[in-house]
Amino acid sequence: MASAHAAGLCGVLNVSPPTKDQATYVTKENTRSWPERHDSVAVDPATGDVTDRANWADCPPAARMTSWGINAHMGEPACHAAMAVGMGVVFALLV
């Protein structure tokens, strides 16, 4: 957890231990309130070093809009504004 926090992850964190196919702990953010956070890091259990990182900001806009739509559908109030903006962008592109 200390390595994940040092790498900038915060909020609700899910930690997956190493498996046969994967030699690292994987720590993922799971914050669905605004701003939404889904960054993840892989941490070497022997050294505590971060060996890989996936940033939510690097995901394609369509993937982020889909996540916001799901959260808005599930009743997450902070995502309603993001969904409205996303729908406005899609509408503007289609017209």
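Residue Met1 holds its CE atom at 6.5 Å from OG1 of Thr27, rounded to the nearest 0.5 Å. Put simply, CG on Leu9 and OG on Ser40 are 7.5 Å apart, with the number rounded to the nearest 0.5 Å.
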**OP:** Output, in order, the C-alpha distance, side-chain angles, deciding distance and verdict of side chain to side chain contact (heavy atoms under 4.5 Å, CB included) for Val12 and Glu29.
**Re:** CA-CA 6 Å; Val12 178; Glu29 292 176 315; over 6 Å; no
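Using a 4.5 Å cut-off on side-chain heavy atoms (C-beta onward), Asn30 and His38 make contact.
In terms of heavy-atom proximity, Pro45 sits nearest to Tyr25 at CB-CE1, 3.5 Å.
Hydrophobic clustering (ILVMFWY, side-chain heavy atoms < 4.5 Å, transitive): Leu13 and Trp56 are in distinct clusters.
Thr24 pairs in a side-chain contact (heavy atoms from CB on, under 4.5 Å) with only one of the listed residues (Val41, Thr51, Thr19, Val43), which is Thr51.
Sorted by first then second residue, the salt bridge (Lys or Arg N to Asp or Glu O under 4.0 Å) pairs that include residues 39-61, not counting sequence neighbours, are Asp39-Arg53.
At distances below 3.5 Å, at least one donor-acceptor pair connects side-chain atoms of Ser3 with backbone N or O atoms of Gly48.
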